[in-house]
Chemist: 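Let me give you the structure first, and then I'll get to my questions.
Throughout, protein chains are lettered first and strands after them, A, B, ... in sequence-line order, and every chain is numbered starting at 1.
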Amino acid sequence: MSLYRTHTCAQLRKENIGETVKIAGWIHRRRDHGGVAFIDLRDHYGITQVVCGPTNPHFEKLTHLRAESVISIEGEVIAREAGTENSELGTGEIELRVVNFEVLSEVTQDLPVPIFGELEYPEDVRLRYRFLDLRRETLHKNIMLRSNIISSLRRRMNEAGFFEFQTPILTASSPEGARDFLVPSRLHPGKFYALPQAPQQFKQLIMVAGFDRYFQIAPCFRDEDARADRSPGEFYQLDIEMSFVSQDDVFAAIEPVLSGVFSEFSTWEADAAPFVRIPYKEAMLKYGSDKPDLRNPLIISDVTEVFKRDDVTFNAFKGTIANGGVVRAIPAPNTADKPRSFFDKLNEWARKDMQAAGLGYITFAAGEAKGPIAKFFTPEALELLKSLSGVGENDTVFFACDTEDKAAKLAGQARNRIGDELGICEKNVYRFCWIVDFPMFEWNEDEKKVDFSHNPFSMPQGGMDALLNQDPLTINAYQYDIVCNGVELSSGAIRNHRPEIMLKAFEIAGYGAEVVEEKFGGMLNAFRYGAPPHGGLAPGVDRMVMLLADTPNIREVTMFPMNQNAQDLMMQAPSNVSNKQLRELSLRVAVQD
RNA sequence: GCGGGCGUAGCUCAGUUGGUUAGAGUAUCGGCCUGUCACGCCGAGGGUCGCGGGUUCGAGCCCCGUCGCUCGCGCCA
């Protein structure tokens, strides 16, 4: 039996009445009636009400302890008086009458943030006193949710026949990708380790080593600036790799894991396997994004041909189209009676936030086409427009006209805004989809050359034959993303395990064999000693927890987050180091404090 | 690096057109109270209005600068 407690603060029930027990925890709240005082004692598990009468020798001390002091109380479990039970507490039918108590840790100064209640507090104070913030119910629950999700992921992966392996934290800087965190080497002056941006090469080497199916809750480090949904510096992935698989095999392996976890930890409906698969091109056209939120029912369409017609005289768009631009149509159903401000606001947003020329629109109401640009259309053109964009009476259609990339992006963002404004998106569901058939290469306009569009290690569809005989910009890769509610959880790929195909792919992107051998020689060389076809992916754990906790901010699901400027306000990181430490590392700091 | 928002008591906030001694709730301390569960009632203490400069007879309020936090852009194989 523990020195401090026989039960937790969530355990005691009517069945325990009459027992003498000990509980320990934090003073959550105190209600002192003079003649009788109540203390809510809180631990990780719950809250138990402690009652203390005026004749109790401990009354004076107990009623003067500040909130959040830690005490251990020995007492008798008694039934609450009839009518004073609290149905909101599991322990609400009983209370503990104090017999003896011990102060384990007394609070003697003002709390920088109150624990009780769920008010909002300044982020910097919360981060500086994270250990207090973490006591608060919502955050405490989120962190436990995270813990439980990770347990469940491990269990599901193990059950699916995957093995968990650790990969190095101190490794080599890799040439492409995000900025690396560097760690100076003491033994090799002037040289640096890098923290892994992801265990990409290691997991492929694990496949080459014959372990067949790997996973890891892998820490990843990228020295990039923060966002609300992106911690500065570090995050976790459910890193997965499998041997002897096609794209479909990877999907089939991971779908039940994701679907299962989302069903397990939420009351919301989660899509069951198999998830919808949307080719990249189709996603960019219909949703204006490679991470479409399928809760939004709006579908974008291409209406360039309408604006090309001779009986349509809207010259602003015609000029853009003549220069290779396109027009995308975003429907806004049942908006005929929206006030002018609804349309103006969207237009203003497009101009200011999106730096677009604007969003033209036509509203169909009472058998007429209304709006600033409606007069440029003949009835025939309007009919074609309606059928292409899927709008009808009482609907509006908005237009995004620009180069294909920009028009798609503007239309996609407009789709999100319109869906939100109209309140037509599904609620309380998790909608998953795979985005497949990403292009292998893309045209880099700045450098006038072909670049890899995503991961250079992905296998091109069509293999060597495609690389030799096809226009590179038309080649797709076995590269895929998984998206949930508009959040990109993960990208992944069937890897290119054939050295000659890899060298050819790099050659197309302008990298000679020497460069590839130098930068990726380790892995390339490994592939020359017998490598299985393999592929995988790496869903973001933090993102999954955010979705399941239904919070837009990653700090709400991270135990000890840094602030937006990549500082740990509690541990004071980053910090200065001593000259001795610098000397050992052969470093000299070039800036003064 | 750039743009937006915020900054008044430990915490949450109010503060009118620039005008007396900057207020409330909560927390803290003291007093009263035997059934509360956001207990209640009375009282007290608590302020460099982020910081610096300027305009003005007078600045929490207006102007300039700066710092901090945050959201976004850039960045993110």
Side-chain angles (χ1 to χ4, degrees), chain A residues 28-42 47-56 59 63-68 78-89 91-92 95 97 107-129 132-133 136 173-180 194 196-201 204 220-233 235 237 352-355 413 438 451-458 479 488 491-493 495 509 519-520 538 540 552-553 555 562-565 567 569:
Chain A
H28 190 58
R29 205 156 171 84
R30 222 178 44 213
R31 292 173 296 279
D32 180 0
H33 293 245
V36 63
F38 302 98
I39 288 172
D40 291 338
L41 198 66
R42 182 196 74 237
I47 287 178
T48 298
Q49 175 165 284
V50 174
V51 63
C52 187
T55 56
N56 190 305
F59 185 85
T63 53
H64 282 84
L65 283 171
R66 291 200 194 196
E68 297 308 310
I78 57 174
R80 290 204 191 186
E81 288 179 14
T84 67
E85 301 91 347
N86 185 344
S87 58
E88 287 174 26
L89 287 181
T91 59
E95 58 195 352
R97 183 157 58 203
V107 173
T108 54
Q109 44 193 325
D110 287 347
L111 290 168
V113 291
I115 309 304
F116 177 78
E118 284 288 336
L119 288 171
E120 288 188 31
Y121 304 98
E123 190 90 32
D124 51 335
V125 179
R126 292 182 56 193
L127 292 177
R128 196 179 308 278
Y129 297 95
L132 293 180
D133 198 26
R136 297 167 63 209
S173 178
S174 82
E176 84 307 351
R179 207 175 289 117
D180 282 319
Q197 295 185 21
Q200 180 65 36
Q201 294 192 53
Q204 293 193 237
C220 303
F221 305 91
R222 295 175 193 174
D223 188 2
E224 299 298 339
D225 290 343
R227 290 289 182 275
D229 63 350
R230 196 168 81 202
S231 289
F235 61 97
Q237 291 181 336
K352 281 203 169 142
D353 292 13
M354 298 300 293
Q355 294 174 346
Q413 302 254 18
F438 277 86
D451 269 350
F452 287 112
S453 65
H454 288 85
N455 188 329
F457 305 126
S458 304
Q479 163 102 33
E488 181 192 323
S491 55
R495 320 297 174 187
K519 301 292 189 191
F520 308 106
N553 194 307
R555 290 184 297 275
M562 294 199 283
N563 69 9
Q564 191 173 41
N565 294 324
Q567 296 164 304
L569 298 176

Chemist: Can you name the side chain to side chain donor-acceptor pair (under 3.5 Å) partners of Q197(A), sequence neighbours left out?
Modeler: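 Testing Q197(A) for side chain to side chain donor-acceptor pair (under 3.5 Å), a comparison that skips the adjacent residues, returns D180(A).
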Chemist: With rounding to the closest Å, how many angstrom separate the P atoms on U70(B) and G54(B)?
Modeler: 32 Å
Chemist: Please classify the nucleic acid contact of F38(A) as base, sugar-phosphate, or nothing, using heavy-atom distances under 4.0 Å.
Modeler: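 Result for F38(A) = base.
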Chemist: For I78(A) and V51(A): C-alpha separation, side-chain torsions, deciding distance, then whether side chain to side chain contact (heavy atoms under 4.5 Å, CB included) applies.
Modeler: CA-CA 10 Å; I78(A) 57 174; V51(A) 63; 4.2 Å; yes
Chemist: Using side chain to side chain donor-acceptor pair (under 3.5 Å) as the criterion, list what pairs up with Q49(A), not counting sequence neighbours.
Modeler: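 Counting only residues at least two positions away or on another chain, Q49(A) forms a side chain to side chain donor-acceptor pair (under 3.5 Å) with R31(A), E95(A).
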Chemist: Determine whether any donor atom in the side chain of R230(A) lies under 3.5 Å from an acceptor atom in the base of C75(B), or the reverse, and answer yes or no.
Modeler: yes
Chemist: Pairing of RNA chain B as dot-bracket, 5' to 3': ( ) intra-strand, [ ] crossing, | other strand, . unpaired, with Watson-Crick or G-U pairs under 3.5 Å?
Modeler: (((((((..((((.....[...)))).(((((.......))))).....(((((..]....))))))))))))....
Chemist: Within the structure shown, what part of the strands sits under 4.0 Å from F452(A) by heavy-atom distance: base, sugar-phosphate, or nothing?
Modeler: nothing
Chemist: Who passes side-chain contact (heavy atoms from CB on, under 4.5 Å) against Y121(A), sequence neighbours left out?
Modeler: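 Testing Y121(A) for side-chain contact (heavy atoms from CB on, under 4.5 Å), a comparison that skips the adjacent residues, returns V113(A), P114(A), L119(A), R126(A), R136(A).
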Chemist: I'd like the C1' distance from G23(B) over to G65(B), given in whole Å.
Modeler: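 Their C1' atoms lie roughly 30 Å apart.
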Chemist: Using salt bridge (Lys or Arg N to Asp or Glu O under 4.0 Å) as the criterion, list what pairs up with R30(A), not counting sequence neighbours.
Modeler: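 For R30(A) there are no salt bridge (Lys or Arg N to Asp or Glu O under 4.0 Å) partners, ignoring immediate neighbours.
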Chemist: Salt bridge (Lys or Arg N to Asp or Glu O under 4.0 Å) with D225(A): which residues, sequence neighbours excluded?
Modeler: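 Applying salt bridge (Lys or Arg N to Asp or Glu O under 4.0 Å) to D225(A) gives none.
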Chemist: Taking only side-chain N and O atoms of R31(A), does any of them lie within less than 4.0 angstrom of OP1 or OP2 on U36(B)?
Modeler: no
Chemist: Just wondering, do F38(A) and H33(A) contact through their side chains at under 4.5 Å, heavy atoms?
Modeler: yes
Chemist: So which protein nitrogen or oxygen atoms get under 3.5 Å of nucleotides 69-72 of chain B's nitrogens or oxygens?
Modeler:
| from | atom 1 | to | atom 2 | distance (Å) |
| --- | --- | --- | --- | --- |
| C69(B) | OP1 | N563(A) | ND2 | 3.0 |
| C69(B) | OP1 | Q567(A) | OE1 | 3.0 |
| C69(B) | OP2 | N565(A) | ND2 | 2.7 |
| U70(B) | OP1 | Q564(A) | N | 3.3 |
| U70(B) | OP2 | Q564(A) | N | 3.2 |
| U70(B) | O3' | R555(A) | NH2 | 3.3 |
| C71(B) | OP1 | N553(A) | ND2 | 3.0 |
| C71(B) | OP1 | R555(A) | NH2 | 2.8 |
| G72(B) | OP2 | A228(A) | N | 2.8 |

Chemist: Can you find a pair of side-chain heavy atoms, one from N86(A) and one from R80(A), that are under 4.5 Å apart?
Modeler: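 Contact flag for N86(A)/R80(A) side chains = yes.
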Chemist: Checking Q567(A) now: which residues fulfil side chain to side chain donor-acceptor pair (under 3.5 Å) with it, not counting sequence neighbours?
Modeler: N563(A)
Chemist: Using a cut-off of 4.0 Å between protein heavy atoms and nucleotide atoms, how would you tag nucleotides 23-33 of chain B 5' to 3' with B, S and -?
Modeler: ----SSSS--B
Chemist: Between U8(B) and G52(B), how far apart are the P atoms? Round to whole Å, please.
Modeler: 15 Å
Chemist: How many whole angstroms separate atom CG of N56(A) from atom P of U34(B)?
Modeler: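 After rounding, the reported distance stands at 16 Å.
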Chemist: Tell me if the side-chain of E120(A) makes a donor-acceptor pair with the base of U12(B), cut-off 3.5 Å, by modelled atom types.
Modeler: no
Chemist: With sequence neighbours excluded, tell me which residues meet salt bridge (Lys or Arg N to Asp or Glu O under 4.0 Å) with E224(A).
Modeler: R179(A)
Chemist: Using the test side-chain contact (heavy atoms from CB on, under 4.5 Å), find all partners of Q564(A) that sit at least two apart in sequence or belong to another chain.
Modeler: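 With neighbours one apart ignored, the set is A226(A).
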Chemist: Which comes earlier along RNA chain B counting from the 5' end, the contact point of Q237(A) or that of G83(A), where each point is its nearest nucleotide?
Modeler: G83(A)
Chemist: Please report the distance separating the C1' of C29(B) from the corresponding atom of G18(B), rounded so that it comes out in whole Å.
Modeler: 37 Å
Chemist: Taking CG from D223(A) and P from G74(B), how many angstroms apart are they, rounded to a whole number?
Modeler: 18 Å
Chemist: Taking only residues two or more places apart in sequence, or in another chain, which ones meet D110(A) in a salt bridge (Lys or Arg N to Asp or Glu O under 4.0 Å)?
Modeler: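 D110(A) satisfies salt bridge (Lys or Arg N to Asp or Glu O under 4.0 Å) with R66(A) once adjacent residues are dropped.
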Chemist: What does N455(A) touch in the nucleic acid at a heavy-atom separation under 4.0 angstrom: a base, only the sugar-phosphate, or nothing?
Modeler: sugar-phosphate
Chemist: Across the strands shown, which category fits A198(A) at heavy-atom distances under 4.0 angstrom: base, sugar-phosphate, nothing?
Modeler: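 Base contact - A198(A) has a heavy atom under 4.0 Å of at least one base atom.
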